[in-house]
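Position 1 is the first residue of the sequence, and the numbers go up from there.
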Amino acid sequence: MTTNQSFQASREWWSQRWLDLLDSYRFKKRLERGRNYARQGNILNIKFEGSQVLARVQGTDPEPYKVSLSLEKFDDEQWGYVVETMSQKAVYAAKLLAGEMPQNIEEIFTANGLSLFPFTLSEVKSHCSCPDKANPCKHVAAVYYQLGDRFSEDPFVLFQLRGRTKDEVLTSLREFRSKEEKSKVKSQKLKVKSQNFPTPDSRTGGFGNPPLPTPSFWQYNESLDPSLVVIAPSLSGETILDVLGEIPVAELETDEADRGDATASGIVQKYLTDIYQQASQQAAIAAMSTG
């Protein structure tokens, strides 16, 4: 079905739903006279004033009769729930924003404890300036049928009877949809953030975990128990450096490599031996200190 055909179908079922409501009225002859009035062009004009329908219907008197129709309006809170529910249903939102009335739109209102269509004509508040005490009179009935044509032209007319114009409903719907999209984006950002992905680090020059802090070895800030018997390590004899043996180091290409028979490995070995001895002495002094 093309877009035009779909839109036409939505208008037809909307109008038919209103006509079915009229057909359910038990006083058929009264409505039939009203239908004839509508077909004969006795309705001089019909307009909306807010959520109320106002019309001028020509009767037997020279002066046209004034007719008014209205339904119970939904308040702001009720419309807020309805539009929010619409926004959560992608199919409804898409059709409404495209100007098409979904055929099962009533489900949205029912889910919020409301009814878009009146159940009976007694829910339609009507008034006519004619002397006929019956309600609906043939002038009111004529406007009923004229409204059926209006529904065929614009299915959103019933929204207006319930207190919201088409533009007001669509504007609110867009606002809800926009809020939902922003909420989704924010939620996705928080989700990504919570996954703790690696971030660029200036010290590593790219993505990766930042370098671990330098561990503090050989530190003990509390005073030692003075009753401890400390055995100082021997400063001579075999050390861990002797156990490791010759350190494989590439030969130096500097002038330092020409100092006698010294080799690169020997120079490094001597340097580490001096450090090891100094560290051992400092450890022994710290261990024997009672302060």
How long is the straight-line distance from [atom2] of [Y] back to [atom1] of [X], given to the nearest 0.5 Å?
{"X": "Ile46", "Y": "Asp149", "atom1": "CD1", "atom2": "CG", "value": "9.5 Å"}
{"X": "Cys128", "Y": "Lys66", "atom1": "SG", "atom2": "NZ", "value": "11.5 Å"}
{"X": "Leu161", "Y": "Leu71", "atom1": "CG", "atom2": "CG", "value": "5.0 Å"}
{"X": "Leu147", "Y": "Leu69", "atom1": "CG", "atom2": "CG", "value": "6.0 Å"}
{"X": "Met101", "Y": "Gln103", "atom1": "CE", "atom2": "CD", "value": "11.5 Å"}
{"X": "Leu170", "Y": "Ser172", "atom1": "CG", "atom2": "OG", "value": "9.0 Å"}

Closest approach of [X] to [Y] (non-hydrogen atoms, all atoms of both residues):
{"X": "Lys138", "Y": "Arg33", "result": "CB-CB, 4.1 Å"}
{"X": "Cys130", "Y": "His139", "result": "SG-ND1, 3.4 Å"}
{"X": "Arg177", "Y": "Ser87", "result": "NH1-O, 2.8 Å"}
{"X": "Pro118", "Y": "Trp18", "result": "CG-CZ3, 4.2 Å"}
{"X": "Gln58", "Y": "Pro64", "result": "OE1-CG, 3.5 Å"}

With a 4.5 Å cut-off on side-chain heavy atoms, are [Y] and [X] touching?
{"X": "Leu19", "Y": "Phe151", "value": "no"}
{"X": "Leu44", "Y": "Val57", "value": "no"}
{"X": "Glu106", "Y": "Arg17", "value": "yes"}
{"X": "Thr165", "Y": "Phe48", "value": "no"}
{"X": "Tyr25", "Y": "Pro136", "value": "yes"}
{"X": "Val67", "Y": "Arg56", "value": "no"}
{"X": "Met86", "Y": "Ile105", "value": "yes"}
{"X": "Pro102", "Y": "Val91", "value": "no"}

Got a sec, which residues hit side chain to side chain donor-acceptor pair (under 3.5 Å) with Glu77, two or more places apart in sequence or on another chain?
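Glu77: side chain to side chain donor-acceptor pair (under 3.5 Å) contacts with Tyr81.
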Tyr92: partners by side chain to side chain donor-acceptor pair (under 3.5 Å), with sequence neighbours left out:
Asn104, Glu107
Under 6.0 Å between ring centres: does that hold for Trp79 and Phe159?
yes
Side-chain donor-acceptor contact under 3.5 Å, Asp61 with Tyr65:
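Indeed, the side chains of Asp61 and Tyr65 share at least one donor-acceptor pair under 3.5 Å.
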Answer yes when Arg162 and Asp75 have at least one side-chain N-carboxylate O distance shorter than 4.0 Å, and no when they do not.
no
Should Lys179 and Glu84 count as an ion pair when the cut-off is N to O under 4.0 Å?
no
Could you check Ser115 against Thr110 for side chain to side chain contact (heavy atoms under 4.5 Å, CB included), going step by step and ending with a plain yes or no?
CA-CA 6 Å; Ser115 176; Thr110 303; over 6 Å; no
Only pairs at least two apart or in different chains count here, so list each ring-ring contact (aromatic ring centres under 6.0 Å, His included) that has a residue in residues 111-130.
Trp14-Phe117
Sequence neighbours left out, what pairs pass side chain to side chain donor-acceptor pair (under 3.5 Å) with at least one residue falling in residues 38-53?
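Qualifying pairs, neighbours excluded: none.
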Has Asp132 got a side-chain atom pairing as donor or acceptor with Ala134's backbone, closer than 3.5 angstrom?
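At least one qualifying donor-acceptor pair exists.
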With sequence neighbours excluded, what pairs up with Ala142 under the side chain to side chain contact (heavy atoms under 4.5 Å, CB included) test?
Tyr37, Ala38, Ile43
Who are the salt bridge (Lys or Arg N to Asp or Glu O under 4.0 Å) partners of Arg150, not counting sequence neighbours?
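Counting only residues at least two positions away or on another chain, Arg150 forms no salt bridge (Lys or Arg N to Asp or Glu O under 4.0 Å).
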Show, in sequence, the C-alpha distance, side-chain angles and deciding distance for Leu21 and Tyr144, and conclude whether the side chain to side chain contact (heavy atoms under 4.5 Å, CB included) test is met.
CA-CA 10 Å; Leu21 176 65; Tyr144 283 164; over 6 Å; no
Given Arg174, which partner from the list Val83, Val169, Leu97 fulfils the side-chain contact (heavy atoms from CB on, under 4.5 Å) test?
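Testing Arg174 for a side-chain contact (heavy atoms from CB on, under 4.5 Å) against Val83, Val169, Leu97 leaves exactly one candidate, Leu97.
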Phe109 vs Phe74 aromatic rings, parallel, tilted or perpendicular, using cut-offs 30° and 60°?
tilted
